[in-house]
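Single-structure report; data block below.
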Amino acid sequence: MSDKFTKPLTPENFKDYVLELENNNLKNIAKEDKKNMVAKIIRTYEEAKKDGN
């Protein structure tokens, strides 16, 4: 993963780097924590949708 920033930083390779970090983090947490995270994401999305964002 450290070789990703030896090249010039672009939005694409930075996005891939962050997604890879998040993927690794999700592998290391409990199933109950994942459910809470998904619920929070859905709740935030629904609130933003109601507000017209």
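The first residue of the sequence shown is numbered 1, and numbering continues consecutively from there.
The CD atom of Glu32 sits 12.5 Å away from the CE atom of Met37 when rounded to the nearest 0.5 Å. The CG atom of Asn23 sits 4.5 Å away from atom NZ of Lys27, with the distance rounded to the nearest 0.5 Å.
Legend: residues meeting side chain to side chain contact (heavy atoms under 4.5 Å, CB included) with Ile41, ordered by chain and number and at least two apart, are absent. Applying the side chain to side chain contact (heavy atoms under 4.5 Å, CB included) test to Lys40 and every residue at least two apart in sequence or in another chain returns Arg43, Thr44.
Here Ile42 is tied into one hydrophobic group with Val38, each link being a pair of ILVMFWY side chains closer than 4.5 Å.
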